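Have a look at the structure below, then the notes.
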Amino acid sequence: GHTNPVWSVAFSPDGRLLAGGCFDHTVRLWEANSGQSCERLVGHTNWVLAVAFSPDGRLLASGSNDHTARLWEVPTGQSRKTLVGHTNPVWSVAFSPDGRLLATGSNDQTMGLWNADNGQSLKMLAGHTHPVRSVAFSPDGRLLASGSIDQMVRVWDVNTGQCLNTLAGHTNQVWSVAFSPDGCLLASGSNDLTGRLWDANTGQCLNTLAGHLHPVASVAFSRDGRLLASGSMDQTVRLWDVNTGQCLNTLAGHSNWVWSVAFSPDGRLLASGSADATVKLWDVQSGECRKTLQPERPYERMN
């Protein structure tokens, strides 16, 4: 069985491309509309755990089990830079809103801040006591949120590297963090089977989103901030009303853990990447699966 689980998905800022970080050490690019596979980015030497597009769509960052992050040029598919500095797998990558910085979160318990242009290491942020699973910038670029196996969500000052706030409440490891588009809310997904919505300024928990039957591996806000998507190891994606905390829809169709979710920029589609070796594109309004994308695993591994 040549299955190729997809750990992470991300839409390009213009919504035309969808990237997937894959088990076979590659990053896949698809045309979001047609579902056509258009590029395979080869260079990592282990699973690709995280992908993110730069705000201008020209760069793609990836984080890997090989302890590195990479910057790729989207038009050419060329690897521009390998970011070396972490001593453990890189589980999460995020560009700052102005595109100048890249943040990485690693199993070595640190977050890295890098110059996104030349890949230079600028800062390592330390404070978590267990691996860091997820990092996210606030929309104004001044804050960085991190979620860790130590059950904490932390909020950091990007300029100083200081930890400003520690959000405690989850009773198991935190897999995913995301800021709302207006920067007022922070969402987190956890092994404790819940998602949480926090006041990003005060750190107060505003709502606990309960309903998944297994750990919540990924959370993402829609562009208008009204919806939160959560992907879970119970093989489903749920859509939540951010204001009320109500579950609006449960999207079922994957046959294994859902690792990652991402809204298209126009908010009409939701992508989910799964351990069943597919990416599904869902119609947000109806909840129907529009397309299933499969990154076939090549029989010969290219290095």
Side-chain angles (χ1 to χ4, degrees), residues 9-10 52 91-92 94 97 103 105 111 128 132-157 163-234 236-251 258-265 267 270-272 282 284 287:
V9 289
W91 269 88
S92 184
M111 283 86 31
H128 282 293
V132 177
R133 281 284 189 251
S134 182
V135 289
F137 279 96
S138 61
D140 64 9
R142 290 193 303 204
L143 303 176
L144 185 76
S146 57
S148 166
I149 287 183
D150 66 13
Q151 307 181 14
M152 300 300 169
V153 175
R154 283 177 178 252
V155 178
W156 308 79
D157 183 306
C163 179
L164 301 175
N165 214 342
T166 302
L167 316 186
H170 282 297
T171 58
N172 208 316
Q173 63 193 50
V174 178
W175 275 98
S176 181
V177 290
F179 275 96
S180 61
D182 64 6
C184 293
L185 299 176
L186 193 55
S188 55
S190 167
N191 246 34
D192 66 12
L193 319 190
T194 71
R196 280 180 180 246
L197 290 169
W198 312 81
D199 183 309
N201 292 317
T202 66
Q204 184 192 350
C205 180
L206 303 174
N207 225 326
T208 301
L209 311 178
H212 280 295
L213 308 176
H214 288 282
V216 179
S218 181
V219 290
F221 282 95
S222 60
R223 177 66 67 88
D224 64 9
R226 288 189 205 166
L227 297 177
L228 185 80
S230 58
S232 167
M233 295 183 195
D234 67 11
T236 70
V237 176
R238 281 177 178 247
L239 288 171
W240 308 83
D241 182 309
V242 169
N243 281 332
T244 65
Q246 288 301 113
C247 178
L248 302 174
N249 211 341
T250 302
L251 313 182
V258 177
W259 277 115
S260 181
V261 289
F263 280 96
S264 63
L270 183 74
S272 55
W282 308 86
V284 170

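This structure is a prediction, so every number in the text was calculated from the model and none was measured.
Of all non-hydrogen atoms in Asp241 and Thr244, the two that sit nearest each other are OD1-N, 3.1 Å. Smallest separation of non-hydrogen atoms from Gln173 and Ser190: O-OG, 2.9 Å. Across all their heavy atoms, Trp282 and Gly287 have their closest contact at CE3-O, 3.5 Å. Phe179 and Ala145 make their closest contact through CE1-CB, 3.5 Å (heavy atoms, listed as atom of the first residue, atom of the second, distance). Annotation for Ala178 and Ala136: closest pair CA-CB, 4.2 Å, computed over non-hydrogen atoms. When every heavy atom of Pro139 is checked against every heavy atom of Pro181, the shortest pair comes out as CG-O, 3.2 Å.
If you take CG on Leu270 and CG on Leu239, they are separated by 6.0 Å, rounding to the nearest 0.5 Å. Atom OG1 of Thr236 is separated from atom CG of Asn249 by 10.5 Å, given to the nearest 0.5 angstrom. Note: Cys163 SG to His128 NE2 = 7.0 Å, rounded to the nearest 0.5 Å. The structure places CZ of Arg196 at 5.0 Å from CH2 of Trp198, a figure rounded to the nearest 0.5 Å. Separation of atoms CZ (Arg142) and CG (Asp157) is listed at 9.0 Å; rounding is to 0.5 Å. Note that CG of Leu213 and CE of Met233 are 13.5 Å apart. Values are rounded to the nearest 0.5 Å.
Ring geometry for Trp175 against Trp91 counts as perpendicular: the plane angle is over 60°, on a 0 to 90° scale with 30° as the lower cut.
Side-chain atoms of Arg154 and Thr166, non-hydrogen and from C-beta on, do get closer than 4.5 Å to each other. Residues Ser146 and Val135 meet the side-chain proximity criterion, which asks for heavy atoms closer than 4.5 Å. For the pair Ser188/Val177, a side-chain contact is recorded, criterion being any heavy-atom separation below 4.5 Å from C-beta on. Here the side chains of Trp240 and Leu197 are not in contact, with every heavy-atom distance at 4.5 Å or above. The shortest side-chain heavy-atom distance between Arg133 and Val174 does not fall under the 4.5 Å cut-off.
Here the side chain of Ser176 pairs no donor or acceptor atom with the backbone of Gly189 at under 3.5 angstrom. Remark: the backbone N or O of Pro215 is paired with a side-chain donor or acceptor of Ser232 at under 3.5 angstrom. Judged purely by atom type and a 3.5 angstrom limit, Ser138 has no side-chain atom pairing as donor or acceptor with the backbone of Gly183.
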